[in-house]
Protein chains: 2
Amino acid sequence: MPPLTRKAEAFSALVLEVFQLNGLLLQAGDRLSAPAGLTSARWQVLGVIDHGPATVAAVARTMGLARQSVQQTADALASDGFVEYVENPHHQRAKCVSLTAAGRRALRKVEQAQAEWADRMAASLAPALLASAVKGIREARLRLEKDLAVEERSHEG
Amino acid sequence: MPPLTRKAEAFSALVLEVFQLNGLLLQAGDRLSAPAGLTSARWQVLGVIDHGPATVAAVARTMGLARQSVQQTADALASDGFVEYVENPHHQRAKCVSLTAAGRRALRKVEQAQAEWADRMAASLAPALLASAVKGIREARLRLEKDLAVEERSHEG
DNA sequence: GTCAAGATGACAGGAGCCTGTCAATATGGG
DNA sequence: CCCATATTGACAGGCTCCTGTCATCTTGAC
């Protein structure tokens, strides 16, 4: 390991913690959604179209993912009967992804479990600590977004 | 969305921030390692065997990943000439993954870039905020680990 | 020394994300 | 109306993680 400054060490510690927590959160999400026959990724998609049918591309933009990633998930959901493609009056080719009754049932079930889980987690964490963690992570995220954007620009024209 | 308590809302905010930051960190890692011909995952493996050759299974345990995940990465690194499999005096079948000269060069290059990046990031974040963020995330992680372990036990015999 | 149990790598297959390419469709300037 | 451009879904393929199965090798109890 190269010698890091003390501040850089602290930042690296944050990175490690975020990686670990992220992994655990994904695990928890899969565990919450499994009883409903879903996974984290599929549940997220159902959540997006809960307020109304949308095209795959629109869902992808909402989730901040690549179009084709959502396409794959949506096709899987369709073949499992959780969603269906319905005609889009505004576009001949781009059909809308719509919840089926089974999809809505599954979504409600996961949301119920998720609410209980979030309550359980939050109840055992000091509110002040939670708030400062969110604040710190947000700062780091904003800083990182700026950094990545700068490099982006320097790689263009 | 189901009605969440205020504390649950705060926890959910933390989850969202962690997901976003994690994604950006992966992106940054790939960007740091790309100039050396590596990716985040491959760089991590090189880092583990930097202090000495090790078997695939040992690297996997160190990284907290499944054995076969590391196997795939190690095979890819070997076919790209960054590592080589060397005889293991303690085990006939399990060879050790060892850095080649090219692998060591690439690793040093990434570590240099990573150190500069960590300095840059850390320099623009208030130390107190960074510290409290790490503390809060760690608390959440520990809480979540406990929760997942409980469910684990309840799913066994 | 023998044999069961555990560890290990090879192989197969899947999930979820990504990229790139292509043809079909919308959209908007002229 | 026409055509360049952008958007969209289909298709192909890659990366990183996972799981499960199998034969081989090691280890430890007896």
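Only a predicted model underlies this, so the values are computations on that prediction, with no experimental measurement involved.
Nearest-nucleotide positions on DNA chain C for A/Ala66 and B/Val56 put B/Val56 closer to the 5' end. Mapping A/Val70 and A/Ala94 onto DNA chain C via the closest heavy atom, the residue that lands nearer the 5' end is A/Val70.
At whole-Å resolution of the value, CZ in B/Arg61 and P in C/dT8 are 4 Å apart. Counting to the nearest Å, the P atom of D/dC17 and the CD atom of B/Gln71 are 14 Å from each other. Here C/dG16 presents its C1' atom at 13 Å from CZ of B/Phe19, a figure rounded to the nearest Å. Taking atom CZ on A/Arg93 and atom C1' on C/dA26, their separation rounds to 11 Å, with Å as the unit. The separation between A/Gln92 atom CD and C/dA23 atom C1' is 14 Å, rounded to whole Å. D/dC25 atom C1' lies 13 Å from atom CZ of B/Arg67, rounded to whole Å. Atom C1' of nucleotide D/dT19 and atom CD of B/Gln68 are separated by 10 Å, given to the nearest angstrom. In this structure, B/Gln27 places its CD atom 15 Å from P of D/dT16, rounding to the nearest Å.
Under 4.0 angstrom from either OP1 or OP2 of D/dT16 there lies no side-chain N or O belonging to B/Ser69. Within the structure, every side-chain polar atom (N or O) of B/Thr39 is placed at least 4.0 Å from both OP1 and OP2 of D/dC15. Within the 4.0 Å cut-off from OP1 or OP2 of C/dT25, not a single side-chain nitrogen or oxygen of A/His91 is found.
The residue A/Thr55 sits close only to the backbone: its heavy atoms come under 4.0 Å of sugar-phosphate atoms, none of a base.
Donor-acceptor pairing under 3.5 Å, judged by distance alone, is absent between the side chain of B/Gln72 and the base of D/dC15.
Using a 4.5 Å cut-off on side-chain heavy atoms (C-beta onward), B/Thr100 and B/Arg104 make no contact. Annotation: side chain of B/Lys7 is in contact with side chain of A/Pro127 (closest heavy-atom distance under 4.5 Å).
Annotation: A/Lys135, atom NZ; neighbour count of heavy atoms from other residues, nucleotides and ligands within 6.0 Å does not exceed 12.
You'll find that the side chain of B/Leu65 is closest to D/dC18, out of D/dC15, C/dC18, D/dC18. Taking every side-chain heavy atom of B/Ala57 into account, C/dT8 is the closest of D/dT8, D/dC17, C/dT8.
Here the two rings, on A/Phe11 and B/Trp117, have centers that are under 6.0 Å apart.
Hydrophobic clustering (side-chain heavy atoms under 4.5 Å, transitive across Ile, Leu, Val, Met, Phe, Trp, Tyr) groups A/Val70 together with A/Tyr85.
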